[in-house]
Peer 1: 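Quick one: the structure is below, questions incoming.
In what follows, chains are A, B, ... by sequence order, proteins preceding strands, each numbered from 1.
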There are 2 protein chains.
Amino acid sequence: MEKHSNPINSTELGQVVSSCACFNLRKASRVVTQHFDEILKPSGLLITQFTILVAIARVKSGTINELAEVLVMDRTTLTRNLKPLEREKWLEIELGQDKRTRIIKLTSTGEIALTKAFPLWQQAQNGVVEFLGESRWSTLLLQLAEVTEIHHSR
Amino acid sequence: MEKHSNPINSTELGQVVSSCACFNLRKASRVVTQHFDEILKPSGLLITQFTILVAIARVKSGTINELAEVLVMDRTTLTRNLKPLEREKWLEIELGQDKRTRIIKLTSTGEIALTKAFPLWQQAQNGVVEFLGESRWSTLLLQLAEVTEIHHSR
DNA sequence: TCGAAACGAGTGCATATACACTTAATTCAT
DNA sequence: ATGAATTAAGTGTATATGCACTCGTTTCGA
């Protein structure tokens, strides 16, 4: 009765490649990340860094935990991702009232970098939307939001 | 006429977070990767490693370049990702006829690891499909395939 | 046939990602 | 008020990702 005491067959292997939710998401991420990084290059920002700066600008200032929550990113990942941004002086990290916390703030240099990068982001974003078409794009965005919710169901 | 000589406004910032193709893809990837890794844990394989082994099993044997093509992954990324798999003896890398190439082959140990991991992959995959529902899932898979095509249009 | 161009793969470097564990500060119950 | 439980954040370690550059091999044209 053990269905998989025998080696995986060719059909099953094909199934994984063609339909694995994780592989196909990661693959699309790789491709789209390269698309954005390519266009953002003149700004000196990677798309991942641009995103973090935007998140900081939105909340004005916040703790690591708060930012990680917004970005749906592991706290320790965020801590390390802040390092290059701090080095470039795009953000500042200061002690909070509660001395366990660190408050992240955008600097004026960071604000300028963000302002310069924004039109490039728009260009890259438009590239994707135009490539897919408005309708398919809005569907994709919706499904991405839904699949992301799977992490609350644990 | 310079639209963005002024700082980005709050509406624009919100736009990025809610609609950036790259951020939303990467966010979904992070969440779904954790979902798969969690369920695959007993197999000792990460989902990224499982995917690579499947790709190798499918083509029986192939060069780094061929595999990277299939996986839509940078060649140098693949080279490094093979390292832990080689260390665990799940695959072998031998010299090709053309001595510039390396031929990647699954070992019998790798075959066994794959066979054990497959039901877990199915479980994780079914989790996603059931969470979204068949219809939304198939739509998502389709749109992911389409957006991935953006890398040919360069 | 020989030298240049093309090609396959590896390495240096930088960044992204997250789990397990640790440390320091705060909160809260007794 | 004090000690235990909780909380915020950093660090060790491992993997993932890709660009720029290098090195060795093959191919191909003069």
Side-chain angles (χ1 to χ4, degrees), chain A residues 22-23 25-38 40-41 44-53 55 62-69 71-88 90 93-104 151 154, chain B residues 22-23 25-38 40-41 44-53 55 62-69 71-88 90 93-104 151 154:
Chain A
C22 195
F23 170 56
L25 264 169
R26 292 182 70 93
K27 182 154 55 97
S29 286
R30 285 194 293 269
V31 166
V32 170
T33 297
Q34 281 174 67
H35 168 75
F36 274 78
D37 279 345
E38 170 84 18
L40 277 179
K41 189 172 281 183
L45 285 168
L46 299 172
I47 182 59
T48 46
Q49 303 176 328
F50 176 78
T51 304
I52 291 174
L53 291 186
T63 65
I64 306 260
N65 271 343
E66 286 164 1
L67 271 174
E69 179 86 14
L71 293 164
V72 190
M73 178 180 288
D74 189 273
R75 180 185 54 75
T76 67
T77 299
L78 181 58
T79 295
R80 289 174 215 264
N81 287 359
L82 293 178
K83 286 282 156 63
L85 304 177
E86 196 183 8
R87 186 184 348 108
E88 299 295 329
W90 289 324
I93 306 181
E94 51 190 55
L95 272 158
Q97 201 75 43
D98 179 339
K99 277 185 244 163
R100 288 171 303 180
T101 65
R102 304 282 181 277
I103 309 296
I104 320 296
H151 91 298
R154 294 199 287 176
Chain B
C22 195
F23 170 56
L25 264 169
R26 292 182 70 93
K27 183 155 55 95
S29 286
R30 285 193 293 269
V31 166
V32 171
T33 298
Q34 280 174 65
H35 167 75
F36 275 76
D37 279 345
E38 170 85 18
L40 276 179
K41 189 171 280 183
L45 285 169
L46 298 173
I47 181 60
T48 46
Q49 303 177 327
F50 176 78
T51 304
I52 291 174
L53 291 186
T63 66
I64 305 262
N65 271 344
E66 287 164 0
L67 272 174
E69 178 86 14
L71 293 164
V72 190
M73 179 180 288
D74 189 272
R75 180 185 54 74
T76 67
T77 299
L78 180 57
T79 295
R80 290 175 215 264
N81 288 358
L82 293 179
K83 286 282 155 64
L85 305 176
E86 197 183 7
R87 186 184 347 108
E88 299 294 328
W90 289 323
I93 306 181
E94 51 189 55
L95 272 157
Q97 202 74 43
D98 180 339
K99 278 186 248 166
R100 288 172 302 181
T101 63
R102 304 281 181 278
I103 310 296
I104 321 294
H151 92 298
R154 294 199 288 177

Peer 1: Can you tell me how far P of dA18(C) sits from CZ of Phe36(B), to the nearest Å?
Peer 2: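 Distance, rounded to whole Å: 16 Å.
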Peer 1: Whole Å only: how far is the CZ atom of Phe50(A) from the C1' atom of dA16(C)?
Peer 2: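 About 18 Å, once rounded to whole Å.
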Peer 1: Give the rounded distance in Å between these two atoms: CZ of Phe23(A) and P of dA16(D).
Peer 2: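 Going from CZ in Phe23(A) over to P in dA16(D) covers 14 Å.
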Peer 1: Hey, is the main chain of Val72(B) close enough, under 3.5 Å, to the side chain of Arg30(A) for a donor-acceptor pair?
Peer 2: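 Pair found, side chain donor or acceptor close to backbone of Val72(B).
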Peer 1: Give every residue pair that meets the side chain to side chain donor-acceptor pair (under 3.5 Å) criterion with at least one member in residues 71-84 of chain A, sequence neighbours excluded.
Peer 2: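 Qualifying pairs, neighbours excluded: Asp74(A)-Thr76(A).
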Peer 1: Is there a donor-acceptor pair under 3.5 Å between the side chain of Arg102(B) and the backbone N or O of Ile64(B)?
Peer 2: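 Between the backbone of Ile64(B) and the side chain of Arg102(B) there is no qualifying donor-acceptor contact (under 3.5 Å).
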Peer 1: Taking the side chain of Gln49(B) as heavy atoms from C-beta outward, which of dA16(D), dT25(D), dA16(C) is closest to it?
Peer 2: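 The answer is dA16(D).
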Peer 1: Can you check whether Ile103(A) reaches Thr63(A) side chain to side chain, under 4.5 Å on heavy atoms?
Peer 2: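 Yes, side chains in contact.
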Peer 1: In whole angstrom, give the distance that lies between atom CE of Met73(B) and atom P of dC19(D).
Peer 2: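 Those two atoms, CE and P, are 13 Å apart.
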Peer 1: Are any of Asn81(B)'s side-chain N or O atoms less than 4.0 Å away from OP1 or OP2 of dT15(D)?
Peer 2: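 So the side-chain polar atoms of Asn81(B) never come under 4.0 Å of the phosphate oxygens OP1 or OP2 of dT15(D).
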Peer 1: Take atom NZ of Lys99(A) and atom P of dT27(C), then tell me their distance rounded to the nearest Å.
Peer 2: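 Rounded to the whole Å, the gap is 12 Å.
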Peer 1: Counting just side-chain N and O atoms, does Gln97(B) come under 4.0 Å of either OP1 or OP2 of dT26(D)?
Peer 2: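 For dT26(D), neither OP1 nor OP2 has a side-chain N or O of Gln97(B) closer than 4.0 Å.
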Peer 1: Measure all distances between protein nitrogen or oxygen atoms and nitrogen or oxygen atoms of nucleotides 8-10 of chain C, and list the pairs falling under 3.5 Å.
Peer 2:
residue, atom, partner, partner atom, Å
dG8(C), O5', Asn65(B), ND2, 3.4
dA9(C), OP1, Ile64(B), N, 3.4
dA9(C), OP1, Arg102(B), N, 3.1
dA9(C), OP2, Asn65(B), N, 2.9
dA9(C), OP2, Asn65(B), ND2, 3.1
dA9(C), N7, Arg75(B), NH1, 3.2
dA9(C), N7, Arg75(B), NH2, 3.3
dG10(C), OP2, Thr79(B), OG1, 3.1
dG10(C), N7, Arg75(B), NH1, 2.9
dG10(C), O6, Arg75(B), NH2, 2.9

Peer 1: Look at the side-chain N and O atoms of Thr48(B) and state whether any lies under 4.0 Å from the OP1 or OP2 oxygen of dA16(D).
Peer 2: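 Indeed, a polar side-chain atom of Thr48(B) lies that close.
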Peer 1: Any side-chain donor-acceptor pair under 3.5 Å between Ser29(A) and Ser29(B)?
Peer 2: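 There is such a pair (donor and acceptor under 3.5 Å, judged by atom type) between the side chains of Ser29(A) and Ser29(B).
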Peer 1: Arg26(B) side chain N/O closer than 4.0 Å to the phosphate oxygens (OP1, OP2) of dT15(C)?
Peer 2: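 No.
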Peer 1: Can you tell me how far C1' of dT15(D) sits from CG of Leu85(B), to the nearest Å?
Peer 2: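 After rounding, the gap between these two atoms is 11 Å.
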Peer 1: Nearest nucleotide by nearest heavy atom, which residue falls closer to the 5' end of DNA chain D, Arg80(A) or Leu46(B)?
Peer 2: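 The residue mapped nearer the 5' terminus is Arg80(A).
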Peer 1: Report the residues that fulfil side chain to side chain donor-acceptor pair (under 3.5 Å) with Thr33(B), sequence neighbours left out, ordered by chain and then residue number.
Peer 2: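 Testing Thr33(B) for side chain to side chain donor-acceptor pair (under 3.5 Å), a comparison that skips the adjacent residues, returns Arg26(A).
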Peer 1: Rounded to whole angstroms, how far apart are CG on Asp37(A) and P on dA20(D)?
Peer 2: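 From Asp37(A) CG to dA20(D) P: 11 Å.
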Peer 1: Could you check whether atom CD of Glu86(B) has more than 12 heavy atoms from other residues, nucleotides or ligands sitting under 6.0 Å from it?
Peer 2: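 Yes, because the 6.0 Å sphere around CD of Glu86(B) holds more than 12 heavy atoms from other groups.
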Peer 1: Calculate the interatomic distance between Asp74(A) atom CG and dG10(D) atom C1'; express it in whole Å.
Peer 2: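 Whole-Å distance recorded here is 12 Å.
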